[in-house]
Amino acid sequence: MSDTIVDIRDLWTVFRSGKKEAVIHQDLNLRIERGEFMSLVGGSGSGKTVLLREMLGLEAPTRGEITVLGKPAAELGKRGAARRVGMLFQQGALFSAFTVLENIAFPLRELKTLPDALIREAAMVKLQMVGLAPEHADKMPADLSGGMVKRVSLARALIMDPPLLLLDEPTAGLDPESSDSFCALLRSLHRDMELTVVMVTHDLDTLFELSTRISVLADKQVIVSGPPRDVIAFPHPFIRHFFLGERGQRAMELLREYPFIV
């Protein structure tokens, strides 16, 4: 079995509106190996979330190839990605009219092959796996805190036990304590479930806390991909601004305090 989970080759993404066109990705190449916790960073408009959606098969690149778990990404969009890829959207994307348990169970119910009792049991297991108590099962999304919404969304993303998990700004909107707690949960699930994770984030604390490798999108390509220390040392204006500017100093202090971070 190949250790390459995601293989992106010579990718072009071009958006057209009338006679105008915007090139987002140009000859972009990236490989993600089994068991990695890969983080994608880049400036506004660099196409980070677009790349996630293309991996999920929700959008098609203009040209180039994306294979996910050995299959063309386009097949995920046609056949339903939930069996092979879990996705945590930035705002959670819970169904407001469904209870917590109904939200978690939704991908299983869509299969229409399992009895209700088994679906409920599986959803309850995932509910507790993300650190929520059974009494939360019948609550509505409107009754949840931001941190709880993230956890319910994560439980839904994992209900099919996919080997690949995609995260779009997983700690956005969370207070520092909730963010730290959610990072700890993601780290433990990555280890215990042997997941491969691809994360888009602009939060440097989250980035250094979780990443085994960072890939930087700039100039319409992946300009560098490697362990955090190697990426920080790469000479490029975006990297200098993103990692070494005023907003990056606290995260850099983390590296100095905990030198075992890769």
Side-chain angles (χ1 to χ4, degrees), residues 2-13 23-56 59 61-70 72-73 85-88 163-171 183 186-187 190-191 194-245 247-248 251-252 254-255 258-262:
S2 173
D3 284 335
T4 300
I5 299 299
V6 179
D7 192 1
I8 302 174
R9 298 184 184 183
D10 303 324
L11 183 79
W12 282 66
T13 304
V23 179
I24 308 301
H25 306 132
Q26 181 175 337
D27 288 326
L28 184 151
N29 292 278
L30 180 65
R31 294 180 68 177
I32 300 167
E33 304 299 324
R34 187 179 307 278
E36 286 195 291
F37 202 120
M38 164 72 78
S39 291
L40 302 175
V41 301
S44 177
S46 61
K48 304 180 296 296
T49 298
V50 170
L51 193 59
L52 283 190
R53 292 178 61 84
E54 289 173 340
M55 290 181 200
L56 198 58
E59 293 187 18
T62 306
R63 68 174 184 258
E65 298 180 357
I66 303 179
T67 58
V68 177
L69 297 161
V85 183
M87 178 73 194
L88 176 62
L164 175 62
L165 177 64
L166 307 182
L167 309 172
D168 189 8
E169 299 285 2
T171 57
C183 281
L186 289 171
R187 188 171 57 249
H190 172 241
R191 178 189 64 241
E194 299 182 342
L195 291 166
T196 302
V197 183
V198 183
M199 173 177 69
V200 166
T201 185
H202 70 278
D203 183 79
L204 286 164
D205 291 332
T206 300
L207 191 70
F208 287 124
E209 179 75 15
L210 296 173
S211 307
T212 61
R213 187 154 62 105
I214 298 172
S215 294
V216 180
L217 275 65
D219 305 328
K220 304 173 186 176
Q221 299 178 335
V222 174
I223 59 169
V224 64
S225 183
R229 288 185 181 277
D230 294 350
V231 170
I232 292 168
F234 187 82
H236 189 277
F238 172 78
I239 291 175
R240 185 167 59 249
H241 172 74
F242 186 80
F243 290 102
L244 304 178
R247 68 188 295 272
M252 294 302 295
L254 178 67
L255 276 180
Y258 301 103
F260 53 82
I261 297 177
V262 293

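These numbers come from a predicted model, not from an experiment.
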Nearest-0.5 Å distance, CD of residue Glu54 to OG1 of residue Thr62
7.5 Å
Taking C-beta and beyond as the side chain, do Ile8 and Met55 meet within less than 4.5 Å on heavy atoms?
yes
Looking at Ser39 and Leu207, what are the two nearest heavy atoms and their distance?
CB-CD1, 3.3 Å
Atom CZ in Arg191, atom CZ in Phe37: separation rounded to 0.5 Å?
12.5 Å
Test item: side-chain donor near acceptor, Thr206 and Thr201, under 3.5 Å
no
Could you tell me whether the side chain of Asp10 and the main chain of Asp27 form a donor-acceptor pair under 3.5 Å?
no
Within the 4.5 Å heavy-atom criterion, are Leu166 and Leu56 side-chain neighbours or not?
yes
Using modelled atom types only, decide if a donor and an acceptor are shared between the side chain of Glu36 and the backbone of Thr212 within a distance under 3.5 Å.
no
Taking atom CD of Glu33 and atom OG1 of Thr4, what is their separation to the nearest 0.5 Å?
3.5 Å
For His202 and Val41, run side-chain contact (heavy atoms from CB on, under 4.5 Å): C-alpha distance rounded to whole Å, both residues' side-chain angles, the deciding distance at 0.1 Å, then the answer.
CA-CA 6 Å; His202 70 278; Val41 301; over 6 Å; no
Side chain His236, main chain Ile223, donor-acceptor under 3.5 Å:
no
Picking from Leu69, Ile5, Thr196, what satisfies side-chain contact (heavy atoms from CB on, under 4.5 Å) with Pro163?
Leu69
Please name the pair of heavy atoms, one in Ser211 and one in Pro228, separated by the smallest distance, quoted to 0.1 Å.
O-CG, 4.2 Å
Please tell me if the side chains of Leu30 and Val6 come closer than 4.5 Å, counting only heavy atoms from C-beta onward.
no
Does a side-chain heavy-atom distance below 4.5 Å link Trp12 with Gln26?
yes
For a side-chain contact (heavy atoms from CB on, under 4.5 Å) check, start with the C-alpha distance between Met87 and Asp168, then their side-chain angles and the critical distance, and finish with the verdict.
CA-CA 8 Å; Met87 178 73 194; Asp168 189 8; 3.9 Å; yes
Are the side chains of Met38 and Ser225 in contact, using a 4.5 Å heavy-atom criterion?
yes
Taking the side chain as everything from C-beta on, heavy atoms only, tell me whether Val85 gets closer than 4.5 Å to Leu165.
no
Within the 4.5 Å heavy-atom criterion, are Phe243 and Phe208 side-chain neighbours or not?
yes
Answer whether the closest heavy-atom distance between the side chains of Val231 and Phe242 falls below 4.5 Å.
no
Walk me through it: do Glu59 and Thr13 pass the test side-chain contact (heavy atoms from CB on, under 4.5 Å)?
CA-CA 10 Å; Glu59 293 187 18; Thr13 304; 5.7 Å; no
Do Lys48 side-chain atoms and Met199 backbone N/O form a donor-acceptor pair below 3.5 Å?
no
Which value, rounded to the nearest 0.5 Å, describes the distance between Leu40 atom CG and Leu217 atom CG?
6.0 Å
side-chain contact (heavy atoms from CB on, under 4.5 Å) between Leu51 and Leu11, worked out:
CA-CA 10 Å; Leu51 193 59; Leu11 183 79; 3.5 Å; yes
Interatomic distance, OG1@Thr171 vs CG@Leu186, rounded to 0.5 Å, equals 8.5 Å
Hey, does the side chain of Glu194 reach the backbone of Gly35 with a donor-acceptor pair shorter than 3.5 angstrom?
no
